[in-house]
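Everything on this sheet refers to the single structure shown next.
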Amino acid sequence: MDFTALLSQATVVVTLGCIAATIYLRYFYVDFGRIGCIPEIPGGSSLAGHLYMLGGDHASTAERWAIVNSWPIYQVRLGYRRAIILNSFDAAREWIVTKQTSTIDRPWLYTFHGVVSKTSAATIGTNPWDERTKKQRRVVGSYTTAPAMRRLEPMLDLETSQMICGLFEDGKHGNEAISPHIYQKRLALNIILMFSYARRFSAIDDPLLLSILSDANTISSFRSTNSNAQDYIPYFRYFGEGKRTAEATEVRGRRDRWLAELLEKARESMSLGKAKKCVAQGLLSDEEEALTKQDIRTILGGLMSGGFETIFATAIIGIGLLASPAGQAIQRSAFADINNSYKIPQEAFEHAVSEEKSAYVAAFVREVLRFYPPLHLLPPRQTYQEFDYNGSKIPKGVLVYMNAQAINHDTTKYGPDADQFRPERWLKKDSDYEVPPPYHFSYGAGARMCTAVNFSNRILYAIFLRLILSFEIVGSEDSPPETHYINYNRNTTAASAIPKDFRAKFVPRDVGILEECLRKSSETHVEFAG
Ligand code: HEM
């Protein structure tokens with residue numbers, strides 16, 4: 001065969017290949033065709049859809065698209081998956097609360113479910129909706145009811161006091177500016193560990209503590225839309241992006257080891273007859289729910305991943321806000337309200353773990369969560385059944401994202417001052433904008449809402465009340481906190497928004513009273529598994 005014939009044969013093969021690829025990408029690659037009634041962001045490419053157009057900060061780009069197009073809800077393509085993004089309070093309420101039975105499912109994602117969770121269990125928050133998930137939710141819910149929360153008070157007392165004590169001592173009684181991050185990290189991790197396994201770390205440089213913190217952070221990155229193109233473009237699972245799979249496999253091994261070690265410790269201390277009231281021991285001795293090993297691992301995995309970074313991130317940015325110039329007036333208002341709510345500061349310190357009596361501090365907690373949602377794009381939902389929306393059928397199995405950053409700053413719901421941090425908005429009706437439950441979408445909403453809303457609000461209330469009561473918090477001049485609601489985030493490609501580093505002085509309001517409060521708190525008895 002001569003060269004010209006060969007060339008023309010090759011041209012035919014390439015042309016046919018291109019036609020086949022185009023037909024495949026156009027008609028077979030994407031899971032669902034365009035959904036009629038919902039506008040689509042223009043410009044997606046055949047293979048990646050809008051994935052790379054979302055840039056390095058998916059929540060902010062999605063928020064900008066909603067604003068410039070005046071589309072509170074729109075559709076995009078993330079590789080082969082069609083996705084609906086909800087950007088306004090009303091759209092999110094309609095889809096996630098009013099139509100909750102239709103949007104209760106969660107998608108299967110290659111990296112998280114197929115790799116990270118392959119050898120151990122996934123988590124409740126990532127599981128599809130079925131009888132098993134329903135049962136697991138019910139079981140977790142039973143550990144955060146009001147009576148169950150009373151059992152949490154001693155551990156909350158211990159951890160918040162240790163955090164205050166660390167800032168007081170290491171900050172040389174308010175003379176040196178320090179970074180508050182590690183104290184909040186330890187607090188959040190210890191509370192979740194004590195709640196789940198009756199374990200805690202006393203040293204902030206304990207190697208297991210540091211390993212859990214770093215692994216939890218890496219695992220959370222496998223849930224982000226930004227860092228896992230292989231979830232949406234399946235071919236990457238075998239080529240260039242395969243290094244994410246290798247990373248996921250490595251961290252999975254370490255995570256499995258420390259989860260197994262924690263469960264074994266809880267089991268051992270039970271067999272020694274030490275009755276502890278942690279979730280692991282409750283699950284191991286359960287006789288009512290017929291829990292399997294997989295149920296137990298899924299529940300505990302869910303607690304460890306759901307609670308840690310969210311509490312930590314919220315605590316840190318709340319402190320950053322208080323330490324900023326604008327936060328000084330907020331500290332004064334909060335301190336005045338605490339003093340009005342209690343006879344003496346010692347009483348306020350003690351009761352901070354058992355009630356939420358200061359309306360201003362409770363409003364501060366709600367405003368921190370609204371303004372700085374720790375998860376900007378919430379864990380994805382998937383439609384569970386077909387339903388009607390604006391005259392079109394939304395098929396079963398479509399991805400749905402709540403953009404909490406956009407929803408929580410929706411000016412049509414919160415008013416023109418939605419981009420201002422104002423706890424007062426929750427205290428009295430001082431504007432035409434009244435916001436119904438869930439008030440903000442940082443905990444999600446509807447039937448898959450966070451199972452630990454009351455628990456988390458109580459933890460955050462105790463942290464902020466005790467901090468404001470104990471200290472005047474002043475940001476350092478050379479390393480001040482960044483408090484802009486987008487720019488504060490250290491890594492916009494991660495799933496959780498962890499605030500950038502900053503330093504602050506924690507100046508005791510009254511050393512005598514503070515020492516008395518800490519002494520009293522140190523007498524609280526908390527049991528550990530060892
Ligand atoms: C500031 C603290 C927290 C925030 C902002 C938060 C936020 C969230 C969000 C956004 C979801 C998904 C909700 C949805 O899809 O509608 C979720 C689910 C969940 N959270 Fe939280 N969370 C926090 C603390 C905690 C804590 C402390 C725990 C456990 C002790 C926890 C356990 C869970 C569980 C088990 C789920 C899965 C629910 C399901 O899929 O059915 N969370 N959380």
Side-chain angles (χ1 to χ4, degrees), residues 59 86 92-93 95-97 100 103-107 121-130 132-145 148-149 152 155-156 159 184 187-197 216 220 223 278-280 295 298-318 365-366 368-382 384 399-405 407-408 438-461 463-464 495-498:
L86 308 171
R93 206 151 180 265
W95 277 61
I96 304 297
V97 181
Q100 56 183 297
T103 51
I104 199 171
D105 209 2
R106 302 228 187 248
T123 64
I124 307 176
T126 53
N127 267 1
W129 186 248
D130 55 19
R132 207 145 266 294
T133 305
K134 207 193 266 180
K135 177 159 82 176
Q136 291 166 0
R137 257 192 82 94
R138 190 173 61 240
V139 170
V140 172
S142 72
Y143 285 94
T144 51
T145 56
M149 268 172 50
L152 307 174
M155 67 173 92
L156 193 49
E159 288 310 326
Q184 308 307 323
L187 177 152
L189 184 63
N190 272 348
I191 286 181
I192 303 301
L193 269 179
M194 284 204 284
F195 174 60
S196 309
Y197 296 99
S220 111
R223 295 158 74 165
C278 66
V279 177
D295 285 329
T298 304
I299 291 172
L300 292 167
L303 297 181
M304 288 300 289
S305 65
F308 157 64
E309 281 200 333
T310 46
I311 294 281
F312 158 62
T314 312
I316 283 293
I317 191 56
V365 169
R366 187 178 286 174
V368 176
L369 283 163
R370 176 190 79 85
F371 208 76
Y372 304 106
L375 304 166
H376 285 185
L377 272 191
L378 301 194
R381 297 290 190 91
Q382 181 170 287
Y384 187 59
L399 262 186
V400 180
Y401 278 97
M402 285 176 262
N403 183 358
Q405 175 178 313
I407 296 167
N408 289 1
Y439 308 113
H440 55 74
F441 275 74
S442 294
Y443 288 121
R448 295 298 296 261
M449 188 178 195
C450 178
T451 49
V453 175
N454 295 335
F455 180 40
S456 306
N457 283 341
R458 175 65 55 79
I459 296 171
L460 292 167
Y461 177 91
I463 291 174
F464 292 128
S496 312
I498 306 295

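All values reported here derive from a predicted model rather than from experimental measurement. Start at 1 and go down the list; that is how both ligands and their atoms are numbered.
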| query | Under 4.0 Å from any heavy atom of Ser456, which atoms of ligand 1 are there? | reply | 2 (C), 23 (C), 24 (C), 25 (C), 26 (C), 27 (C)

| task | Do me a favour and list the nearest non-hydrogen protein atom to atom 33 (C) of ligand 1 with residue, atom name and distance? | result | Thr451 OG1, 3.6 Å

| Taking the side chain as C-beta and beyond, is there a heavy-atom pair between Leu152 and Tyr143 under 4.5 Å? | no

| message | Can you tell me which portion of Cys450 lies within the under-4.0 Å heavy-atom range of ligand 1? Options are side chain, backbone, both, or neither. | response | both

| query | atom 37 (C) of ligand 1: which protein heavy atom is closest, and how many Å away? | reply | Gly125 CA, 3.3 Å

| note | So for Pro373 against ligand 1, with non-hydrogen atoms under 4.0 Å, the contacting part is neither

| Sub-4.0 Å heavy-atom approach of Arg106 to ligand 1 | yes

| query | In terms of residue, atom name and distance, what is the protein heavy atom nearest to atom 16 (O) of ligand 1? | reply | Arg381 NH2, 2.6 Å

| remark: Taken in chain and number order and not counting sequence neighbours, the residues that satisfy salt bridge (Lys or Arg N to Asp or Glu O under 4.0 Å) with Arg381 are none

| Is any N or O atom of Pro379, backbone or side chain, closer than 3.5 Å to an N or O atom of ligand 1? | no

| field | Side chain, backbone, both or neither: the part of Arg448 lying under 4.0 Å from ligand 1 by heavy atom | value | both

| With backbone taken as N, CA, C and O and side chain as the heavy atoms from C-beta onward, which portion of Phe441 lies under 4.0 Å from ligand 1: side chain, backbone, both, or neither? | neither

| query | Counting from 1, what ligand 1 atoms have a heavy atom of Ala445 closer than 4.0 Å? | reply | 16 (O)

| request: Say whether Phe195 and ligand 1 are in contact under the criterion: heavy-atom distance to a ligand atom below 4.0 Å. | output: yes

| message | At less than 4.0 angstrom from any non-hydrogen atom of Leu303, what atoms of ligand 1 do you find? | response | 29 (C), 30 (C)

| said: Within ligand 1, which atoms have a heavy atom of Thr314 less than 4.0 Å away? | reply: 1 (C)

| remark: Per-atom filter on ligand 1: closer than 4.0 angstrom to a heavy atom of Leu378 are 10 (C)

| message | Closer than 4.0 Å to some heavy atom of Ser442 - which atoms of ligand 1 meet that? | response | 5 (C), 7 (C), 10 (C)

